[in-house]
Amino acid sequence: MSRLAQTHGLTDVQTEILSTVRDFVDKEIIPVATELEHRDEYPQDIVDGLKELGLFGLMIPEEYGGLGESLLTYALCVEEIARGWMSVSGIINTHFIVAYMLKQHGTQEQRDHFLPRMAAGDIRGAFSMSEPALGSDVSAISSKAVRDGDDYVLNGQKMWLTNGGTSSLVAVLVKSDEGHPEGTAAHKSMTTFLVEKEPGFGEVRPGLTIPGKIDKMGYKGVDTTELIMDGLRIPADRVLGGATGRGFYQMMDGVEVGRVNVAARGCGVAQRAFELGVRYAQQRHTFGKQIAQHQAIQFKLAEMATKVEAAHAMMVNAARKKDSGERNDLEAGMAKYLASEYCKEVVEDAFRIHGGYGFSKEYEIERLYREAPMLLIGEGTAEIQKMIIGRRLLEEYRFQG
């Protein structure tokens, strides 16, 4: 077990879960991750192994067949998985966000219908908020749902769906004008629909097309796609929570816990980069001694380890805050911002320690160097996090002059 990023106060059950996951990562993920990533191959055997471990139902309540664990347990598991291969943690994260939204906001019928099969891993979740011209401006969503009898008809194009092809359930955020007259604030006229589909690409149900995988610099293996709705009919009972106009708040709740997840991923990737850097520094010799004995390298290692430790502590704090039932958007924003920025810096320092070999695809650090940038933009850019943090600080420290 690493000396860094230890979490105090865990139960015996949490410790056992994390030990099992770490063992799985060391034996089943790390040895094959780079090869699969270079082939951009979906890690089916790894996913099947995670299914057997019950990780797809980690936070789903026991009454639905899940393990009923906390956000902290989940985040620490994600940290371990991202340490092995960040793409695998993405496969779980989108599934988890949809399950969380169902648990928190779904009708009883929706929870009974979806959660047991999601806990078993038989239904895989994805969520869809972004659009091609949207960026971080969620209020600019143009995809739309129009009521037609007992159904809604959805039209529009969505972007950046993780698990877009392999998922069988997508939570889709669109505008819905029903009951929301012209002039209603944009965030009050959005609705989340639960869209069931067949896994795969092409037309996966009438009116719904998943064109294919987006070719990415990193974050490979996991499928990232577009989603095109053209006359897609969805029954009214598949409106999340049973009422329109609540979609923005539901999605933001899901993204808030997703930010803890991204922070955990940043912690895991940074830990792996430190492990690679400190190991290589003791293997490589220059000027008659290990490069680890050069003061410049020791300074780098010290800075890297401190960043790993600080990011982990903030991630744990954000998860525990949410588990306590308190509002954690400030803590989640800080953790996501710091962990993703520190991850980038730690990976780059490990890359520098490797010298020219870091540029070779034979070395694992090359993969991490391409993966880290995704965390800077996933679940909200650094600029968005700083906006959230700044606004919340002004709420907490309002000057009464």
Side-chain angles (χ1 to χ4, degrees), residues 42 44 47 51 56 60 64 90-103 105-107 109-132 134 141-178 190-214 222-244 246-247 250-251 254:
Y42 187 78
Q44 188 61 58
V47 171
K51 180 178 175 180
F56 284 99
I60 295 175
Y64 298 108
I91 292 171
I92 297 175
N93 181 43
T94 50
H95 174 88
F96 153 70
I97 289 177
V98 177
Y100 174 84
M101 290 168 63
L102 274 162
K103 182 183 74 170
H105 305 288
T107 65
E109 184 276 331
Q110 290 168 351
R111 292 195 292 266
D112 291 341
H113 181 75
F114 290 113
L115 288 181
R117 289 183 290 163
M118 294 187 80
D122 296 331
I123 288 181
R124 305 281 171 76
F127 77 102
S128 177
M129 185 166 57
S130 187
E131 296 183 359
L134 186 60
I141 279 177
S142 60
S143 298
K144 193 170 183 179
V146 176
R147 187 72 183 247
D148 184 19
D150 294 331
D151 297 337
Y152 286 86
V153 179
L154 278 59
N155 289 282
Q157 183 178 2
K158 309 298 282 187
M159 192 72 173
W160 304 119
L161 277 76
T162 301
N163 289 340
T166 49
S167 61
S168 46
L169 174 66
V170 185
V172 181
L173 184 67
V174 299
K175 283 190 173 178
S176 56
D177 292 338
E178 182 193 29
M190 297 182 189
T191 299
T192 303
F193 286 87
L194 301 170
V195 178
E196 297 172 84
K197 71 176 187 65
E198 290 296 320
F201 300 97
E203 189 173 43
V204 292
R205 69 174 283 174
L208 180 64
T209 300
I210 306 293
K213 294 199 301 183
I214 298 170
V222 60
D223 48 296
T224 305
T225 74
E226 299 175 71
L227 180 148
I228 299 172
M229 300 172 289
D230 185 10
L232 172 63
R233 301 188 74 88
I234 301 295
D237 63 4
R238 288 298 175 256
V239 170
L240 180 62
T244 62
R246 301 176 182 173
Q250 294 163 347
M251 279 281 178

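Any value given below was found using the heavy atoms of this structure, including those in side chains, with hydrogens, waters and symmetry copies removed. These numbers were taken from a predicted model, which means no experiment stands behind them.
Ile123 is not listed as a side-chain neighbour of Phe56, based on a closest heavy-atom distance of 4.5 Å or more. Two residues are said to be in side-chain contact when any heavy atoms from C-beta on lie closer than 4.5 Å; Val146 and Tyr152 fail this criterion. Between Arg147 and Thr244, every side-chain heavy-atom pair lies at or beyond the 4.5 Å cut-off. In this structure, Met190 and Leu173 have side chains that are in contact, with non-hydrogen atoms separated by less than 4.5 Å. Ile141 has its side chain within reach of Lys158: a pair of non-hydrogen atoms, C-beta onward, lies under 4.5 Å apart. When side chains are defined from C-beta on, Ser167 counts as touching Lys197, because their heavy atoms get closer than 4.5 Å. The closest side-chain heavy-atom distance from Val47 to Tyr42 is below 4.5 Å. Contact check for Met229 versus Val174: side-chain heavy atoms found under the 4.5 Å cut-off.
The main-chain N or O of Val239 is found under 3.5 Å from a side-chain atom of Gln110 such that the two form a donor-acceptor pair. Side-chain atoms of Arg205 come within 3.5 Å of backbone atoms of Arg233 as a donor-acceptor pair (strictly under, hydrogens ignored). In this structure, the side chain of Thr191 does not engage the main chain of Gly247 through any donor-acceptor pair within 3.5 Å. Counting only distance, with no hydrogens or angles, the side chain of Gln157 and the backbone of Ser142 share no donor-acceptor pair below 3.5 Å. Put simply, the side chain of Gln250 never gets that close to the backbone of His105: no donor and acceptor are under 3.5 Å apart. In this structure, the side chain of Asp223 engages the main chain of Gly165 through a donor-acceptor pair within 3.5 Å.
Within the model, atoms OG of Ser128 and CG of Asn163 stand 12.5 Å from one another, a figure rounded to the nearest 0.5 Å. The structure places CG of Asn93 at 7.0 Å from CZ of Phe96, a figure rounded to the nearest 0.5 Å. Interatomic distance, CD of Glu198 versus CG of Leu208, reported as 11.0 Å (0.5 Å rounding). We find the NE2-CG distance between His113 and Leu102 to be 10.0 Å, quoted to the nearest 0.5 Å. Atoms CG and CG, on Leu194 and Leu240 in that order, are 5.0 Å from each other to the nearest 0.5 Å. In this structure, Leu169 CG and Thr94 OG1 are separated by 10.5 Å, a value rounded to the nearest 0.5 Å.
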inquiry  = Run Phe201 and Lys213 through side-chain contact (heavy atoms from CB on, under 4.5 Å) and show every step you take.
reply    = CA-CA 8 Å; Phe201 300 97; Lys213 294 199 301 183; 3.6 Å; yes

request  = Walk me through it: do Ile91 and Arg124 pass the test side-chain contact (heavy atoms from CB on, under 4.5 Å)?
outcome  = CA-CA 9 Å; Ile91 292 171; Arg124 305 281 171 76; 5.5 Å; no

inquiry  = Using the rule given for side-chain contact (heavy atoms from CB on, under 4.5 Å), can you reason through Val170 versus Phe193, listing the C-alpha separation, both sets of side-chain angles and the distance that settles it, and then say yes or no?
reply    = CA-CA 8 Å; Val170 185; Phe193 286 87; over 6 Å; no

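The shortest non-hydrogen separation linking Tyr100 to Gly254 is CD2-CA, 4.2 Å. Residues Val222 and Thr162 approach most closely at CG2-CG2, 3.5 Å, considering heavy atoms. Heavy-atom minimum distance, Pro206 versus Leu232: O-CD1, 3.5 Å. In plain terms, the two heavy atoms of Gly200 and Val204 that are nearest each other are O-CG1, 3.5 Å. The two atoms that bring Pro199 and Thr166 nearest to each other are CB-O, 3.8 Å, heavy atoms only. His95 and Met118 make their closest contact through NE2-O, 3.2 Å (heavy atoms, listed as atom of the first residue, atom of the second, distance).
Shown here is Asp230, whose CG atom has no more than 12 heavy atoms of other residues, nucleotides or ligands within 6.0 Å. Annotation: Glu203, atom CD; neighbour count of heavy atoms from other residues, nucleotides and ligands within 6.0 Å is above 12. The environment of NZ in Lys144 is sparse: at most 12 heavy-atom neighbours from other residues, nucleotides or ligands sit within 6.0 Å.
Checked for salt-bridge contact, Arg238 and Glu109 meet the test: a charged N lies under 4.0 Å from a carboxylate O.
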